[in-house]
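Excluded from the calculations below are hydrogen atoms, water molecules and symmetry mates; all remaining heavy atoms, backbone and side chain alike, are included.
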Amino acid sequence: MLIENPGLKIKRLRLEYGWSKYELAAKLDAACTSGCVLKWERGQSVPSWYYAVRLADVFGMSVDELWRGQAPQKCTHINAETTGRRIKAHRSLLNMTQTQLGEMTGVHYITVLGWEADSSQPTLENIDRLCSALNVSMDELAGRGS
């Protein structure tokens, strides 16, 4: 389960590091603006999966630690290049259909198909649900498994 207020955690960590919203945005990538950081901190939006992983990198912690407040669980590491391929591989290991995974995560199987094809990315909330359904860590879906 995601931490209660991701925006407040981002703001607390940013201030602990002594960074302005501009500095944090610049550390994430050239496309991120201080306005994005402000919206996250105010709870007006949640970081995309891409930025969720980048924020963990910038703050020097695991994705699970940042977004779930816990150390990553041990799971079977899948050596795949993309989040979609890792989702598909873990689903296949469990002999689960896309329809079953969709039902477990509250989305239509077409959405799962899009994630697995890397034509769309799950939201941070959907990543959390996927991790529970597939019994994997966020770090594993981010390609950081050990």
Side-chain angles (χ1 to χ4, degrees), residues 1-93 98 101-146:
M1 177 178 282
L2 291 177
I3 59 172
E4 192 170 320
N5 193 328
L8 289 180
K9 187 160 190 180
I10 294 169
K11 184 174 185 176
R12 180 181 56 77
L13 287 167
R14 178 180 62 77
L15 293 174
E16 282 178 15
Y17 279 75
W19 299 333
S20 70
K21 289 182 272 303
Y22 300 99
E23 290 170 318
L24 177 56
K27 291 176 185 303
L28 293 171
D29 72 21
C32 187
T33 66
S34 61
C36 291
V37 174
L38 181 64
K39 285 181 180 180
W40 298 334
E41 290 182 359
R42 289 184 175 172
Q44 295 170 325
S45 67
V46 177
S48 66
W49 177 233
Y50 169 79
Y51 284 120
V53 175
R54 292 287 303 130
L55 282 160
D57 289 341
V58 166
F59 290 129
M61 55 183 34
S62 79
V63 182
D64 287 275
E65 185 181 5
L66 180 59
W67 301 112
R68 290 178 141 182
Q70 62 191 34
Q73 65 192 43
K74 298 291 182 202
C75 58
T76 303
H77 178 62
I78 300 293
N79 191 14
E81 292 182 21
T82 66
T83 299
R85 289 181 182 173
R86 288 185 287 274
I87 292 168
K88 183 175 184 173
H90 281 289
R91 179 182 59 75
S92 296
L93 277 177
Q98 290 173 331
L101 183 56
E103 289 170 356
M104 293 177 77
T105 57
V107 300
H108 195 273
Y109 81 92
I110 296 294
T111 302
V112 175
L113 186 135
W115 295 338
E116 290 183 357
D118 290 309
S119 60
S120 64
Q121 288 291 309
T123 63
L124 187 55
E125 293 88 351
N126 284 331
I127 288 286
D128 186 51
R129 291 184 199 118
L130 282 165
C131 290
S132 295
L134 298 171
N135 196 30
V136 298
S137 68
M138 289 181 148
D139 285 279
E140 171 60 29
L141 286 187
R144 300 165 137 204
S146 53

Flag side-chain contact, heavy atom, 4.5 Å: Leu124 against Trp49
yes

Nearest heavy-atom contact between Glu23 and Ser20 is OE1-N, 2.7 Å

Report task. Please work out which of the three classes, parallel, tilted or perpendicular, describes the rings of Phe59 and Trp19, given edges at 30° and 60°. Result -> parallel

In this structure, OG of Ser48 is separated from CZ of Arg54 (nearest 0.5 Å) by 11.0 Å

Flag the pair Arg86 / Val136 as yes when at least one side-chain heavy-atom distance between them is below 4.5 Å, and no otherwise.
no

From the list Val53, Leu130, Val63, side chain to side chain contact (heavy atoms under 4.5 Å, CB included) partner of Met138 resolves to Val63

Hits for salt bridge (charged side-chain N to carboxylate O under 4.0 Å, His left out) against Arg85, two or more places apart or cross-chain, chain-then-number order -> none

* Asked: Would a distance-only check, ignoring hydrogens and angles, find a side-chain to backbone donor-acceptor pair under 3.5 Å from Asp118 to Gly84?
  -> yes

Smallest heavy-atom separation, Glu65 atom then Lys9 atom, equals O-NZ, 3.0 Å

Decide, yes or no, whether a salt bridge links Glu16 with Arg12 under the criterion of side-chain N to carboxylate O below 4.0 Å. yes

To the nearest 0.5 Å, atom CE of Met61 lies from atom CG of Leu13 at 5.0 Å

So CD1 of Ile10 and CG of Leu66: to nearest 0.5 Å the spacing works out to 7.0 Å

The side chain to side chain contact (heavy atoms under 4.5 Å, CB included) partners of Cys32 (sequence neighbours excluded) come to Ala25, Leu28, Asp29, Cys36, Val37, Trp40, Tyr51

Heavy-atom closest pair (Asp64 atom, Ala71 atom, distance to 0.1 Å) is CB-C, 4.3 Å

>> Any side-chain to backbone donor/acceptor pair from Trp67 onto Ala52? Under 3.5 Å, distance only.
In response: yes

dist Leu141:CG -> Thr83:OG1 (nearest 0.5 Å) comes out at 6.5 Å

Of all heavy-atom pairs linking Ser120 and Thr111, the shortest is OG-O, 4.4 Å

Rounded to the nearest 0.5 angstrom, the CD-NZ distance for Gln98 and Lys88 is 7.0 Å

Between the NZ atom in Lys21 and the CG atom in Leu38, the distance rounded to the nearest 0.5 Å is 5.5 Å

Expected list for residues 102-110: side-chain donor-acceptor pairs under 3.5 angstrom, two or more places apart:
{"from": "Thr105", "atom 1": "OG1", "to": "Leu101", "atom 2": "O", "distance (Å)": "2.9"}
{"from": "Thr105", "atom 1": "OG1", "to": "Gly102", "atom 2": "O", "distance (Å)": "3.3"}
{"from": "His108", "atom 1": "ND1", "to": "Ile110", "atom 2": "N", "distance (Å)": "3.1"}

Report task. Indicate yes or no: at least one non-hydrogen side-chain atom of Tyr50 is less than 4.5 angstrom from one of Gln121. Result -> no

For the pair Arg68 (side chain) and Asp128 (backbone), establish whether a donor and an acceptor sit closer than 3.5 Å, ignoring hydrogens and angles. yes

Answer yes or no: is there a side-chain heavy-atom contact under 4.5 Å between Leu24 and Leu55? yes

Tightest non-hydrogen contact, residues Val58 and Tyr17, listed as O-CE2, 4.5 Å

